[in-house]
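One structure is given here, and the rest of the page talks about it.
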Amino acid sequence: MTSHPQTPPILSAEGISVTYPNGTQALRLFSLHAKRGEFIAIIGPSGCGKSTLLRVLAGLLSSNEGQVVFNGQRLRQPNPAISLQFQDSALLPWRTVEENIRLPLELGITNDTTHPQSLIPNSQARPTPNPQLLISLVGLAGFEQAYPRELSGGMAQRVALARALITQPPILLLDEPFGALDALTRERLTEALETIWRALSMTTILVTHSIQEAIFLADRVVVCSPRPGHIMGEVAIRLPRPRHWAMSATPEFGQLLQEIRALLNPLP
Amino acid sequence: MSATEKLRVTNQINLSKYALPWLGVSGVFVVWHMISLSYPPFILPSPLLVAERFIDRLQDGTWFFHTTATFTEALAGLGCGVILALLLGYAIAKLDWIDRLLSPIVVASQGIPFIAVAPLIFIWFGNGMGAKILLCTLIVFFPILINVVVGIRNVSPTLRDLFRVYHASPWQSLTKLEIPAALPTLIGGLRVGGTLSVIGAIAAEFTSASRGLGFMIQQGNNLYDTALVFVGVLTVIALALMLYISIGWLGHKLIKI
Ligand SMILES: Nc1ncnc2c1ncn2[C@@H]1O[C@H](COP(=O)(O)OP(=O)(O)OP(=O)(O)O)[C@@H](O)[C@H]1O
Ligand SMILES: [Mg+2]
């Protein structure tokens with residue numbers, strides 16, 4: 001994925017500050033600019049305001065200061081082009097896995113790329129949304145008719161991921177999609193996500209606690225300070241794509257790991 | 001576990017599930033019969049005498065006549081109460097200004113002892129079926145309303161956000177989120193409402209009626225025909241139970257979780 005420095009950002013947070021009604025300041029002057037098709041990973045200590053940031057970027061929460069600009073316009077409410085996967089899965093308990101994944105399509109968000117709002121290039125190459133395909137991609141084949149109460153936490157997260165992907169959104173916001181997975185499934189799913197991302201060239205912002213996962217997936221890793229969150233630094237990841245977990249053994253990968261660790265744990 | 005063992009376990013479960021309630025009910029009848037032996041029938045008729053009276057009334061058609069009257073009133077009252085409670089409850093749950101405007105009035109109105117002021121309702125609205133249905137509606141309305149408000153307000157905020165992310169219309173939010181999410185609470189309210197509506201109908205018939213189980217019970221009271229009173233009371237219990245169970249069954253069919 002080549003990103004041209006002169007292209008304007010498709011989605012940016014400009015000096016966002018958020019203070020909750022109870023007085024907790026979650027974000028302070030947070031700025032982030034995502035270029036079209038870019039994969040950004042955000043990493044930071046628990047409670048630093050990452051979920052809050054995604055809610056602001058999705059248009060669900062308005063900031064006290066600053067603004068979100070999407071495609072050149074100020075974002076004031078949720079936009080169908082921006083899909084958010086919630087940290088706590090948010091599945092409808094009365095719907096099966098497949099029905100949950102179909103929900104965005106039922107609500108009228110189609111991936112119709114002839115739509116004037118379509119923001120995705122090479123739209124011809126995009127496959128039609130196929131719940132079945134997504135279900136097997138996230139490793140849930142055989143559980144189509146299961147209800148959320150019959151799923152483990154990690155399985156529920158994968159359903160939520162599939163649901164976020166079903167509309168093939170131009171902008172994809174992911175809140176720790178692999179938080180509750182075992183290492184092996186996690187590796188398989190990050191590879192699947194990277195493949196999907198390359199195929200659909202969605203602008204993706206991923207929140208994660210795993211440095212390895214961030215390096216593996218992202219073009220750029222943003223490190224967030226403890227609350228109130230602001231950016232402490234960022235690291236460009238220039239590993240070639242497609243990526244494989246075998247790369248995690250390379251010196252480059254180790255170097256990046258050290259760099260991000262150092263940003264997360266600044267020496268006193 | 002072998003197949004026979006499994007069968008034995010299921011049989012045990014079925015036994016305690018179905019046999020125990022019947023055992024309890026038959027126990028009540030046996031004790032009732034024993035006690036009734038030492039009293040005259042106008043104080044406490046035996047179950048056998050009650051059964052005899054029931055068959056009498058079944059044969060001359062009056063039992064069916066009174067039961068249908070009460071059942072119709074209760075069902076109509078329940079229906080009106082449910083519709084009103086759904087509309088108003090939804091508005092209260094969704095719109096703050098309606099909540100502030102109406103909630104104090106609605107809550108205060110619950111202080112009114114509807115059964116005690118039933119005669120007034122008949123003076124205002126006449127002696128017909130309509131006034132009886134109105135009384136049922138008034139009694140049923142509040143518990144269902146509360147359940148509607150609680151059910152809609154308790155829809156998870158994250159799920160609401162999910163629907164906002166996907167630009168759901170108000171209609172889509174109602175049908176695909178709010179109704180399914182509130183359904184268990186709604187069914188709970190309906191079950192209470194169903195039972196109350198039968199009591200409301202009886203109360204109305206007590207005040208003013210020429211038909212209905214309430215009328216039949218009062219007839220029994222006036223004639224010291226205690227067995228007839230018991231027939232009426234048992235029928236009322238059966239009606240309330242039937243409503244309770246069928247609403248529960250409906251809920252079971254509708255709720256997939
Ligand atoms: N609705 C809310 N009301 C008040 N405070 C809140 C609310 N939501 C979050 N907070 C506070 O804001 C801060 C940031 O929360 P947020 O959920 O954004 O953190 P996070 O970075 O996503 O954490 P984690 O990595 O554990 O998911 C926390 O201190 C939290 O207590
Ligand atoms: Mg979070």
Side-chain angles (χ1 to χ4, degrees), chain A residues 51-52 54-62 75-97 99-111 115 117 145-151 156 159-160 163-167 169 171-175, chain B residues 82 85-86 89-90 93-97 99-100 144 147-191 246-257:
Chain A
S51 297
T52 307
L54 289 195
R55 283 167 53 76
V56 173
L57 288 174
L60 285 173
L61 183 69
S62 51
L75 183 83
R76 292 172 195 279
Q77 51 169 337
N79 186 301
I82 304 176
S83 192
L84 168 65
Q85 182 242 322
F86 292 82
Q87 187 169 8
D88 56 0
S89 301
L91 303 181
L92 305 181
W94 53 87
R95 282 178 170 241
T96 62
V97 165
E99 289 167 345
N100 263 292
I101 294 175
R102 277 181 191 281
L103 179 77
L105 301 178
E106 269 176 47
L107 295 179
I109 311 292
T110 61
N111 71 331
H115 196 266
Q117 274 191 332
Q145 303 311 320
Y147 283 93
R149 66 179 142 80
E150 299 160 347
L151 304 177
V159 177
R163 180 179 60 193
L165 286 167
I166 188 92
T167 56
I171 311 280
L172 179 63
L173 308 175
L174 300 175
D175 201 344
Chain B
V82 167
L86 281 176
Y90 192 69
K94 296 289 277 192
L95 301 169
D96 254 4
W97 67 272
D99 183 19
R100 295 215 186 89
I144 300 181
N147 279 271
V148 174
V149 174
V150 169
I152 299 291
R153 286 219 175 123
N154 279 354
V155 174
S156 132
T158 318
L159 293 185
R160 286 200 182 277
D161 280 347
L162 175 75
F163 274 63
R164 277 179 68 205
V165 164
Y166 292 113
H167 268 229
S169 66
W171 177 250
Q172 285 173 327
S173 297
L174 175 70
T175 54
K176 291 180 194 290
L177 175 62
E178 288 166 337
I179 292 180
L183 207 56
T185 321
L186 284 183
I187 295 291
L190 274 182
R191 285 185 135 180
S246 45
I247 292 168
W249 176 84
L250 187 76
H252 193 74
K253 285 273 142 187
L254 290 175
I255 299 167
K256 290 203 208 142
I257 18 170

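Just so you know, these numbers come straight off a predicted model, no measurement behind them. To find a chain, count down the sequence lines: A is the first, B the second, and so on, and within it residues start at 1. Atom set for the values below is all heavy atoms of this structure, side chains included, hydrogens, waters and symmetry mates excluded.
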Query - Interatomic distance, L165(A) atom CG to R163(A) atom CZ [nearest 0.5 angstrom] - result: 11.5 Å

Requested in this report: Calculate, to the nearest 0.5 Å, the distance between atoms CG and CD1 belonging to L54(A) and I82(A) respectively.
Outcome: 11.0 Å

Query - Per-residue contact mode, L183(B) against chain A (heavy atom under 4.5 angstrom) - result: neither

Report task. Report the option among L91(A), L61(A), L60(A) that has the most heavy-atom pairs separated by less than 4.5 Å from atoms of chain B. Result -> L60(A)

**Report entry** F163(B) CZ to E178(B) CD distance, which is reported to the nearest 0.5 Å
**Finding:** 9.0 Å

Query - Distance-minimising heavy-atom pair for Y90(B) and V148(B) - result: N-CG1, 3.8 Å

**Report entry** Under 4.5 Å from any heavy atom of chain B - which part of R55(A)
**Finding:** side chain

Query - When S169(B), A181(B), S173(B) are compared by non-hydrogen pairs under 4.5 Å with chain A, the top option - result: A181(B)

